[in-house]
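Heads up, the thing below is written out as structure tokens.
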Amino acid sequence: MNFTLDNMNSLYLDVLKEIGNIGSGNAATSLSKMINKSVNMEVPNIEVVETEKVVELFDDEEEITVGVYINFNGSINGTILTLLDKESADNLVSILFGNKPEGDIYSEIESSVIQELGNIMSSGYVNSISLLTSLDINISVPSVNIDMVSSILSVPAIEYGLESDKLILIENRLIIDEEKIKCFFFFMPDLTSFDTLFKSLGVLGNG
Amino acid sequence: MDNNIKIGMADYKVGEKDNILVTLGLGSCVGVIIYDSANKVAGMAHIMLPSSLEIKNNSNKMKFADTCIDLMMSELLKKNINKNSLKAKIAGGAQMFSVSLNSDSLNIGKRNVLAVKEKLKLLKIPIISEDVFGNHGRTIRFNCSNQELNIKSIGKGETII
């Protein structure tokens with residue numbers, strides 16, 4: 001059988017949750033190494049949500065958020081979007097630099113730090129998937145944009161929209177130095193990659 | 001009274017007189033407004049993808065430029081309008097992330113804009129003004145009574161086209 005997000009049963013969801021858990025742990029560890037501080041993580045929340053409902057996670061569709069986008073290729077192909085609300089991104093910048101950024105626009109150095117954090121966290125994800133499945137996966141240079149949440153979310157909505165009306169959403173809450181960081185990952189393999197992923201984990205037969 | 005009519009992703013709405021048609025935070029999607037200025041009737045569509053013909057999973061007609069504009073046109077034609085004096089304004093189609101990609105999916109904003117223009121040309125509806133492409137999101141508000149399209153972006157302020 002072929003996998004689609006619309007026919008996903010609880011077994012596949014459990015597998016994705018486990019990947020999300022391990023990936024989140026790995027991402028938090030990578031982050032902790034980079035900033036040289038302990039990072040506490042709550043159990044991640046992993047859901048399959050309707051594309052059009054994703055923006056409802058935010059109170060204000062025009063809320064400023066930071067998106068870090070990478071694509072991966074190799075045995076499986078797809079993209080990961082890491083999304084931080086502005087407050088969380090500000091908190092991260094302040095943990096690293098000692099003071100919070102002013103206004104809506106980040107300086108070049110602040111923006112490159114956020115890019116690097118997104119890179120490290122998404123790599124943590126991809127690494128754990130690669131380790132679990134022994135699949136070969138490479139990732140691209142990350143791209144950062146700071147904009148209204150619904151315009152950033154149009155990117156995963158459209159990418160998934162080609163195949164499905166649903167999205168896989170992984171929500172992480174981290175605590176560093178008592179500062180709260182809320183971070184969303186949109187893990188978007190293309191549909192043939194889902195098949196490869198599940199087959200390599202032994203949950204999808206070849207027949 | 002609230003005269004705003006909000007249009008979500010993959011949706012369209014028709015308004016008239018003092019209605020304001022609103023779409024918050026357009027990214028790579030395209031907002032299309034088709035209006036009759038004399039009768040103060042307008043429709044706004046929020047389009048996600050260029051064509052329903054390219055994709056297997058095309059059950060949601062509101063997602064695509066071709067089918068969504070058709071649906072909106074049939075709704076508009078039920079109103080008191082002059083079909084021959086319809087005009088259009090468009091906004092959106094940004095490329096939010098500039099990762100170099102083997103797939104062209106990231107340039108979907110541009111393809112959306114081109115698909116919308118193609119469709120409007122087929123319908124013989126002239127585009128009066130546009131604010132498209134770039135790498136920033138846009139919130140758009142169309143005033144049905146004076147046909148002004150207000151566009152707001154982060155760090156860029158507001159413009160009217």
Side-chain angles (χ1 to χ4, degrees), chain A residues 2 4-6 50-56 58 60-73 77-82 86 103-106 115 118 139-166 188 190-191, chain B residues 6-11 22-31 46-52 54-60 62-64 91-112 134-141 151-157:
Chain A
N2 281 321
T4 71
L5 280 184
D6 301 301
E50 303 272 335
T51 308
E52 282 114 62
K53 302 251 159 70
V54 182
V55 262
E56 292 171 11
F58 291 80
D60 175 8
E61 288 165 57
E62 293 180 289
E63 181 177 335
I64 296 175
T65 51
V66 179
V68 181
Y69 187 92
I70 62 160
N71 64 313
F72 55 87
N73 54 60
N77 303 302
T79 56
I80 295 182
L81 173 68
T82 310
K86 181 74 170 41
D104 291 344
I105 310 293
Y106 289 113
Q115 180 171 356
I139 64 170
S140 71
V141 175
S143 164
V144 184
N145 201 344
I146 299 159
D147 214 316
M148 292 178 271
V149 65
S150 59
S151 54
I152 299 237
L153 286 178
S154 74
V155 175
I158 286 173
E159 284 200 7
Y160 262 121
L162 293 166
E163 314 266 10
S164 169
D165 293 325
K166 291 178 178 148
M188 301 176 274
D190 58 31
L191 285 184
Chain B
K6 215 176 115 183
I7 293 106
M9 193 175 274
D11 195 9
V22 185
T23 294
L24 300 171
L26 273 173
S28 301
C29 299
V30 176
H46 182 164
I47 283 153
M48 282 173 76
L49 291 162
S51 167
S52 63
E54 291 173 9
I55 290 162
K56 277 177 287 170
N57 171 28
N58 62 1
S59 55
N60 183 356
M62 317 261 257
K63 287 206 288 199
F64 307 98
Q95 183 177 5
M96 300 303 294
F97 295 100
S98 55
V99 177
S100 62
L101 260 199
N102 35 11
S103 83
D104 55 357
S105 61
L106 269 201
N107 220 340
I108 202 96
K110 191 171 183 184
R111 289 177 49 216
N112 277 337
N135 57 3
H136 55 275
R138 297 167 171 91
T139 284
I140 61 173
R141 288 187 169 79
I151 300 173
K152 191 175 84 180
S153 297
I154 303 291
K156 290 185 175 15

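Below, read A as the first sequence line, B as the second, and so on, with proteins coming before strands; counting in each chain starts at 1.
For chain A, no part of B:Asp11 is nearby; none of its heavy atoms comes within less than 4.5 Å. Contacts between B:Lys156 and chain A at a heavy-atom distance below 4.5 Å are absent for every atom of the residue. Neither the backbone nor the side chain of A:Val149 comes within less than 4.5 Å of any heavy atom in chain B.
Closest non-hydrogen pair, A:Glu62 versus B:Thr139, comes out as OE2-OG1, 2.7 Å.
The greatest number of non-hydrogen atom pairs below 4.5 Å with chain B, out of A:Asp60, A:Ile152, A:Ile146, is found for A:Ile152.
Distance check: B:Lys152 NZ to A:Met148 CE gives 7.0 Å after rounding to the nearest 0.5 Å. For the atom pair B:Asn135 CG and A:Asn145 CG, the distance stands at 6.0 Å (nearest 0.5 Å). Once rounded to the nearest 0.5 Å, the distance linking OG of A:Ser150 with CG of B:Leu26 reads 7.5 Å. Here the straight-line distance linking atom CG of A:Leu153 with atom CE of B:Met96 works out to 9.5 Å at 0.5 Å rounding. Atoms CD and OG1, from A:Glu61 and B:Thr23 in turn, are 9.5 Å apart once rounded to the nearest 0.5 Å.
In terms of modelled atom types and a separation under 3.5 Å, the side chain of B:Ser28 and the main chain of A:Ser154 share no donor-acceptor contact. No side-chain donor-acceptor contact under 3.5 Å links A:Ser143 to the backbone of B:Phe97.
Atom NZ of A:Lys86 has more than 12 heavy atoms from other residues, nucleotides or ligands within 6.0 Å.
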